[in-house]
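Below you'll find the structure, written out as structure tokens, and then a few comments.
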Amino acid sequence: MAAKTTWFQTTAIDYPNSRPHIGTAFEKLGADVQARYRRMEGYDVFFLMGNDENTVKVSKRAAELGLDTQAYCDDMARQFREVWDALDISYDTFVQTSSDRHKQCCRKFIQKVYDNGYIYKGNHEGWYCPDCEEFKSDKVHGENAGNCPVHKKPLQRRSEPCYLFKLSAFADRLLAHYKENPDFIQPDSRRNEIVSLIETEGLRDINISRTGEAWGLRIPFDEEFTIYVWFDALLTYITGIGYGDNEATFRKWWPADTHFIGKDITRFHCALWPAMLWAAGEEAPKKVFGHGFVNFDGDKIGKSRAEELKKKGLEYLLEPMEIIRKFSSEAFRYYFLRECPYPSDGELSPDRFIDVYNSELANNLGNMLSREMNLVWKNYSGKLDGTADKVPEAVVTGLNLAEFVATVRGHVEGCRYNLALQAIVQDFLTPTNQYLETNAPWKLVKTDKEAAKKVLFNAVQSLRIASILLKPFIPRSAEAIYTSFNFPTPWAEVKYADATELKAQSEDLRVTAVITGDKITPLFPRIG
RNA sequence: CGCGGCGUGGAGCAGUCCGGUUAGCUCGCCAGGCUCAUAACCUGGAGGUCGUAGGUUCAAAUCCUACCGCCGCAACCA
């Protein structure tokens, strides 16, 4: 048997100086849908996530709390994973950059780049604040009349030895790479941004070392220095699959199929990262996808808005776990995937959240399951005798199932999740409700029980198809729907291809869901 | 002239790349139908000069130009 096609994807790794928020959750969700979809389609998937811990901010935060930095990082990693698990993010590995393994592997990479001649010693000159113990940008210097915005003291011009990475040497190769691989940066708007940035501003060599830090990763050839966080963070993507200590697994997965990242860090992933890899003699990743942000009232949701949200009684919006608890992880997933376009920005609105949930999950999908199951249950004791080996008829007239599935598939692969869900609801579920209305099996059953049975047999297929298509989006609910009937293919094995045609099954169609009492418990109870 | 995005009925969006059916969808509102279902479902209706002004064209929300307004980013904020 031929080896399965591999699919290696990552999300950005997060700073654990505060708990995960809606924005970081949004990123993981979009990546999760892709991972789940690829697994369904038979790919051998490896999904990497992690935390970016080797930064001064993290050690400062730990110090503020009076904690050992490592202990702090480990606890934050636990908290992050708790949220990702609650959201059913199906990652395969979670890298902590403070781990010894990651550091050792990084050092090998850095040494290699150094040996290849792409790292050299120089001087870094800039505006330094002794109290912050860090350099400030020219912009900050200019905007604050030469003072530190935090300490309100004059910034000092300072020059210190440092190591620089020859990023400038890769400008032409990067531009050529973008041109030859139009899909390397997605969506297109992000690519245009990077191309024009490099074409107009060019690339400068960057300082990749820091001095005087106790926390961080030592540069292998000069232990006095620690490495610039980005140079270490990006390496997670390869140390997590064995770079430096497991050549076989590294070769199996690299190059990455997609790095999912926020649009703000596109340049690091599209310019610095490929250059680093090339400098070490490795291939660039196949694709970088810069997703959009989630806003609230037009602005990003951050700590800075905590007070404002608290006044409105909406502080729970800052905490993904609270939203999950208040509603459910499936509702959380559905809202962001349906309402916020992954490639561009979206909006989080509590009212809209309830709106989307009620109209699409409760009233449409959930209610359809209830009514169909109930009709089969009450009128046919849960079993449609004689339907074995019968091919169901199409319910949605004018819809070519194969084309429809191809459309949804295209949206999923292009990360246009909102459009995929829109198509499923509008072009498939709503017409199924119309079909039921037109054929009124609840009325027909009184005059022609066989004809009504046929209508139900056909209509139930819509639940099968919809649940398959929805599997990457709302895995738990989709499974609940699918396993409510005795559809032949085991849930774990269904593929999008199974949704492309109406086929006969060897057994009579019957309800397999456990029904207690005489009322079916709603899958998505209305909220609000 | 730093880069980029947005402006479509009360609200939120799709459509714009590759101009062309009565400008589509969700919510809300009004009227009706149905009653199997989660007060759900279905049908119909009111409501839009598609930011403004020009231009190209037989035809423009869609292409071109200018302008107005809003918003992000600018090298450790997803």
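Letters A, B, ... are given to chains in the order of the sequence lines, protein chains preceding strands, and every chain is numbered from 1.
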Nucleotide paired to B/rC34 in any strand shown, Watson-Crick or G-U, under 3.5 Å: none
Excluding sequence neighbours, so at least two apart, what forms side chain to side chain contact (heavy atoms under 4.5 Å, CB included) with A/D355? A/R352
For B/rU26, what is the paired nucleotide under Watson-Crick or G-U wobble rules, both distances under 3.5 Å? B/rA11
Could you give the distance separating B/rG55 and B/rG10 at their C1' atoms, to the nearest angstrom? 34 Å
Any idea which of B/rA14, B/rA78, B/rU38 is nearest the A/Q422 side chain? B/rA14
Considering Watson-Crick and G-U wobble pairs with both distances under 3.5 Å, what does B/rG48 pair with? none
Looking at the side chain of A/K446, which of B/rC36, B/rC76, B/rA78 is the nearest nucleotide? B/rC36
Which nucleotide in B/rA74, B/rC76, B/rA78 has an atom nearest any side-chain atom of A/T24: B/rA78
Taking only the P atom of each, what is the distance from B/rC71 to B/rG12 in whole angstrom? 15 Å
Side-chain donor-acceptor pair under 3.5 Å between A/H259 and A/Q9, yes or no? no
Does A/Q426 make a side-chain N or O approach to OP1 or OP2 of B/rG24 shorter than 4.0 Å? no
Work out how far the P atom of B/rA39 is from that of B/rG44, and round it to whole angstrom. 24 Å
Determine the Euclidean distance between corresponding P atoms of B/rA61 and B/rU22; express it in Å to zero decimal places. 12 Å
Using the C1' atom in both, what is the distance from B/rU8 to B/rG24, to the nearest Å? 11 Å
Comparing A/S344 with A/N363, nearest RNA chain B nucleotide closer to 5' gives the residue A/S344
Would you kindly give the CG-to-C1' distance between A/L348 and B/rC13, to the nearest whole Å? 16 Å
With a 4.0 Å limit, can you tell me whether A/K263 has a side-chain N or O closer than that to the phosphate oxygens OP1/OP2 of B/rC77? no
What's the NZ-P distance between A/K443 and B/rC36, to the nearest Å? 10 Å
Below 6.0 angstrom between ring centroids: does that apply to A/F404 and A/F428? yes
Can you give me the closest heavy-atom contact between A/Y163 and A/N207, atom names plus distance? O-OD1, 3.3 Å
Out of B/rA78, B/rU38, B/rA74, minimum distance to the side chain of A/P522 belongs to B/rU38
Figure out the CZ/P separation between A/R371 and B/rC41, and round it to whole Å. 9 Å
Does a donor on one side chain and an acceptor on the other come within less than 3.5 Å for A/N51 and A/T97? no
A/I206 near the nucleic acid: base, sugar-phosphate alone, or nothing, with a heavy-atom cut-off under 4.0 Å? nothing
Checking N1-N3 plus N6-O4 or O6-N4 for Watson-Crick, or N1-O2 and O6-N3 for wobble, each under 3.5 Å, the partner of B/rC70 is B/rG5
Watson-Crick/G-U partner (both atom distances under 3.5 Å) of B/rU65: B/rA53
Whole-Å distance between B/rU16 P and A/L419 CG? 10 Å
For A/A480, side chain to side chain contact (heavy atoms under 4.5 Å, CB included) partners two or more places apart: A/L523
Do A/K28 and A/T11 have side-chain atoms, one donor and one acceptor, less than 3.5 Å apart? yes
Residue A/N433, side-chain heavy atoms: nucleotide from B/rC41, B/rC76, B/rA78 that is nearest: B/rC41
For atom CD1 of A/I198 and atom P of B/rA74, their distance in whole Å: 16 Å
For A/N358 and B/rU38, what is the distance between atoms CG and C1' respectively, to the nearest whole Å? 9 Å
Atom C1', compared across B/rU16 and B/rC73: separation rounded to whole Å: 24 Å
Taking the side chain of A/N367 as its heavy atoms from C-beta onward, which of B/rU35, B/rC77, B/rU38 lies nearest to it? B/rU38
Report yes or no: is there a donor-acceptor pair, N or O only, under 3.5 Å between the side chain of A/Y15 and the base of B/rC76? yes
What's the closest nucleotide to the A/E339 side chain, out of B/rA75, B/rG12, B/rA78? B/rG12
Under a 3.5 Å cut-off for both contacts, is B/rC58 paired Watson-Crick or G-U wobble with anything, and if yes, with which nucleotide? B/rG20
What contact category does A/R191 fall into here, base, sugar-phosphate, or nothing, at under 4.0 angstrom with non-hydrogen atoms? nothing
Looking for any heavy atom pair under 4.0 Å, which part of the strands does A/A362 touch: base, sugar-phosphate only, or nothing? base
Is it the case that more than 12 heavy atoms not belonging to A/D85 sit under 6.0 Å from its CG atom? yes
Please give, in whole Å, the distance from B/rA78 C1' to A/D264 CG? 6 Å
For RNA chain B, whose closest nucleotide is more 5', that of A/S359 or that of A/L523? A/S359
C1' atom, B/rG48 versus B/rG7: distance in rounded Å? 14 Å
